[in-house]
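Single-structure report; data block below.
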Protein chains: 2
Amino acid sequence: MADPVSLAASCAMPPVLSKSAVAAGEVKRSAHMKMDSYNVGAVAPYQAMPVAGPVITHHKSTALPVVEPHPEMTEEEREATIAEMIGSYMKKLAERTHHHMGYPYNLDFDYGLLEGLTKFSINNLGDPFIESNYGVHSREFEVGVLNWFARLWEIDEEEYWGYITTCGTEGNLHGILVGRENFPDGIMYASSESHYSVFKAARMYRMEAEKIPTLETGEINYDDLKAALVKNAGKPAILNVNIGTTVKGAVDDLDRVLEVLKEAGYTEDRFYIHCDGALFGMMMPFLSRDAPMVTFRKPIGSVSVSGHKFVGAPVPCGVIITRFKYVMALSSDVEYLNSRDATIMGSRNGHAPVYLWYTLTRKGYEGMRRDVEKCMRNAHVLKQMLESAGIRTMLNELSNTVVFERPKEEAFVRKWQLACEGDIAHVVVMPNITVEKLEEFVSDYVQSRARVSIAAAKRVACEAKAAEEDL
Amino acid sequence: MADPVSLAASCAMPPVLSKSAVAAGEVKRSAHMKMDSYNVGAVAPYQAMPVAGPVITHHKSTALPVVEPHPEMTEEEREATIAEMIGSYMKKLAERTHHHMGYPYNLDFDYGLLEGLTKFSINNLGDPFIESNYGVHSREFEVGVLNWFARLWEIDEEEYWGYITTCGTEGNLHGILVGRENFPDGIMYASSESHYSVFKAARMYRMEAEKIPTLETGEINYDDLKAALVKNAGKPAILNVNIGTTVKGAVDDLDRVLEVLKEAGYTEDRFYIHCDGALFGMMMPFLSRDAPMVTFRKPIGSVSVSGHKFVGAPVPCGVIITRFKYVMALSSDVEYLNSRDATIMGSRNGHAPVYLWYTLTRKGYEGMRRDVEKCMRNAHVLKQMLESAGIRTMLNELSNTVVFERPKEEAFVRKWQLACEGDIAHVVVMPNITVEKLEEFVSDYVQSRARVSIAAAKRVACEAKAAEEDL
């Protein structure tokens, strides 16, 4: 065991182990942190980086070291120092929360009434429908929320199984695992614009997977999907259908996917559909317009959404709903599993269900509908504002994700926390994004573009002057 | 979309969908909730239930439905009703927290200073060492905590990779996945008393797995392990070593496991060891006595622990530390992964790192050592108290988990939230368990046994009287 770090040493710099411990020939993390090869294009949103670039490019995190008590500091001074650090961290959080545009998180929530809950270690370990002996849980809230979602997606309480997950990724990991356990030799199909957790799942689970190209909107290319299904007709299909892709907010048309399956000769006992609803899966049911609805009245296997996205919560969380008959497959293998726990994680955050229950109950169905309408309306406002300022945009009909050309000033991208991929960026217009905030953002963006243009013009002038002098 | 539930209807009972929607031949969840076949033995701790019993046995959860606003209720009345519900829920949590003995959770924490953090949606999505564009994160705390653990387990900052997980299970899922990605045809070895997430991982990842019997202490049977390794000599080995098993708190001897590997002919390039440190992995470094230390100076691949266990936190969380050279394997497959995110979950709870940082900083190394000593001392006090009361116990030398015969009164088990398996129960003596609380518990237990004994004696007397009357 190395000596504990003294406060004096660690205030100045993060504690480091003796370098003598480093065995020769070991792979160094810092060698992959190429701070000099600053490659903007290599950083995709949500850290889903294409493998074509260097391993880790930039934006290296700093560390706030855990510091040991120091004999020259009294207990009070120490407590005061810690309080000051937390205070300045909270100020940073407030500023960062104010200038946020890029991620589909609803940052407008008030859980003041629930603050006291952080006194308790709430854990819904295992199944939501059976209590474990650990009594500090929130299953009553969890099952209440699950029933609400079961109604939203039209499945009888007796026929669904589900749980509140730790994030959207866990929902995808679970849905695809349920698919695989029901169709062990099934091939996974998903579009190339699917969330990266979908292909991560296929790799984890050692499944054959087919990446299907997309249309320009970001939807799956139905013809390519059909061709792939026909080619692999001998094996069952496990499909990931995107209800709003990560970057362009594109909705794969569930009805067309079902048609394609039929045309390719797949009967209902030979496919499993998981709908990745991340953000839009919870917005679509509230739209009045015609849309290919996600409902268990259609032959789908599971739907997942994130809870910290449209609903909004301090902690990442999500919901997965599947058919009880399908989840049975996860509990059947005596030799390996030896467990009735059909979740991915065993210990599960018990605060998240209370947050979700609280917002759903306070807003009610009508409140949710109003939020959806506001987002859709403001997304169009943003699109029009950008276009009136001469900035090219794209907004899918069923989406609140406004896509536009990637701003060239990295400082501007960071200030507004835009998620970028290649040469595009997006703003996801969430309930906390007001027209006033959009105004602030657009005028800031226009000024940023002006700075970039002036700098470019100056470079040309500078080169011309240099050429003149050379003559 | 079904109609929203009205408050009037849903206050009385949970909302239900029309039964007409139920397709014939569907599998019903309630049919597996056999409330009548109350089988105590079938419920193992942490819901890791053996498959031999009925699918779901008892302790069905209730639901607190999400209720819609009702025209006859004013907004104020509604808010007051919700506040009352939350208030009574918090009282229940306080009572349940007070009467808790069975799970290895440190419920003694004070995060009052951090309460304001629940105003923010803190998310460390992706890698801890590279910032994403989402600015509301706590990576500085996360990396600080990771560096602290790297020092604890003696690995250079340049050579490790790791992250703060959502729970102990995620740590095991990650460690075993890293093992598999480095040894794709490796066979997993773990003792039959390993946490159930270990075999869940093998099943998820489609790995060959060998379940090795245990000694009476709960340690892995080293001879059986050796025999299995020799039998499978053609394939690499991925070993899960338990640093404190779930039920008996048994520590697999890492040094003996390394010896066994050597004897069976496995060189270091042909095995990967994941240490499941859940609770005890963070306590062992603070013990003064001789113990087979977990350190990266030995040829291990990864260590994981839970954060809500020994440190204590409102939300489940954990830590995984592995060697950077091993984690590279997770980022190498272009075709499937197309991502540099080497975590299991993508979105990650950003509150947990602040909780861990805060406790580690406030307590310091010495405070942690005092907590460990107190737990070890009080575990012996409990053992002695139980034995003096005539109750058979078992306490491994390297453990704060006191195992004893399972109390026969189910109400007593539920009151004290004991984790039980088969005919044994345990109390994990955590920092929040004082001698006073142990006294309260033991005298309650003795009274419970007395009630059971009197009832048994009365039954005999009753039968004898009935037999007399029959004569």
Side-chain angles (χ1 to χ4, degrees), chain A residues 2 4 17 22 26-29 47-49 51 59 61-66 68-69 93 96 103 105 115 118 120-121 126 131-136 139-140 143-144 148 151 156 158-159 166-167 169 196 203 206 314-316 324-325 334 336 339-341 345-347 349 360-361 364-365 417, chain B residues 2 4 17 22 26-29 47-49 51 59 61-66 68-69 93 96 103 105 115 118 120-121 126 131-136 139-140 143-144 148 151 156 158-159 166-167 169 196 203 206 314-316 324-325 334 336 339-341 345-347 349 360-361 364-365 417:
Chain A
L17 270 184
V22 182
E26 292 283 302
V27 180
K28 299 277 180 298
R29 208 172 58 206
Q47 294 200 327
M49 287 188 271
V51 179
H59 298 158
S61 307
T62 54
L64 210 53
V66 169
E68 282 293 312
L93 291 179
R96 294 283 71 199
Y103 292 77
Y105 307 154
E115 248 176 22
T118 53
F120 304 105
S121 187
E131 295 192 2
S132 82
N133 282 358
Y134 183 63
V136 189
R139 279 187 181 73
E140 57 271 52
V143 177
W148 189 90
R151 289 175 60 82
D156 191 278
E158 283 281 287
E159 295 190 2
T166 196
C167 59
T169 288
Y196 71 93
R203 179 183 163 127
R206 291 185 157 165
V315 297
F324 184 69
K325 67 173 179 183
V334 181
Y336 280 93
S339 158
R340 287 293 153 63
D341 179 18
M345 295 301 143
S347 280
N349 186 312
L360 295 178
T361 296
Y365 184 86
Q417 302 165 56
Chain B
L17 272 184
V22 182
E26 292 282 301
V27 180
K28 298 276 181 294
R29 209 172 58 209
Q47 294 200 329
M49 287 188 269
V51 179
H59 299 157
S61 307
T62 53
L64 211 52
V66 169
E68 283 292 311
L93 290 179
R96 295 282 72 199
Y103 293 78
Y105 307 153
E115 247 176 25
T118 51
F120 303 104
S121 188
E131 294 192 1
S132 82
N133 282 357
Y134 183 63
V136 189
R139 279 187 181 74
E140 58 270 52
V143 178
W148 189 91
R151 289 175 61 83
D156 190 279
E158 284 280 287
E159 294 191 3
T166 196
C167 59
T169 289
Y196 70 93
R203 179 183 162 125
R206 291 186 157 164
V315 297
F324 184 70
K325 67 173 179 182
V334 181
Y336 280 93
S339 159
R340 286 292 154 63
D341 179 18
M345 294 300 143
S347 280
N349 186 314
L360 294 178
T361 296
Y365 185 85
Q417 302 165 57

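First the proteins, then the strands, lettered A, B, ... as listed; each starts at 1.
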Quiz item: Do you know which two heavy atoms are closest between B:Glu68 and A:Trp148, and how far apart they sit?
Solution: OE2-NE1, 4.5 Å
Quiz item: Just by modelled atom types, is the B:Thr118 backbone N or O under 3.5 Å from a matching donor or acceptor in the A:Glu115 side chain?
Solution: no
Quiz item: What heavy-atom pair brings A:Thr169 and B:Met345 nearest, and what distance separates the two atoms?
Solution: CG2-CA, 4.1 Å
Quiz item: If every non-hydrogen atom of B:Val136 is compared with every non-hydrogen atom of A:Gln417, which pair is closest and at what distance?
Solution: N-OE1, 3.9 Å
Exercise. For residues B:Pro69 and A:Gly364, report the shortest heavy-atom separation together with the two atoms involved.
Key: CD-CA, 4.0 Å
Quiz item: Judged by atom type as modelled, is there a donor-acceptor pair below 3.5 Å linking the side chain of A:Arg139 to the main-chain atoms of B:Ser61?
Solution: no
Practice problem: For chain A, find which of B:Asn349, B:Val315, B:Leu93 contributes the most heavy-atom pairs closer than 4.5 angstrom. | Solution: B:Leu93
Quiz item: Does any non-hydrogen side-chain atom of A:Ser121 lie less than 4.5 Å from one of B:Tyr103?
Solution: no
Quiz item: What is the minimum heavy-atom distance between A:Gly144 and B:Val66, and which atoms define it?
Solution: O-CG2, 3.9 Å
Quiz prompt | Nearest heavy atoms of A:Cys167 and B:Gly346, plus distance in Å | solution = SG-N, 4.3 Å
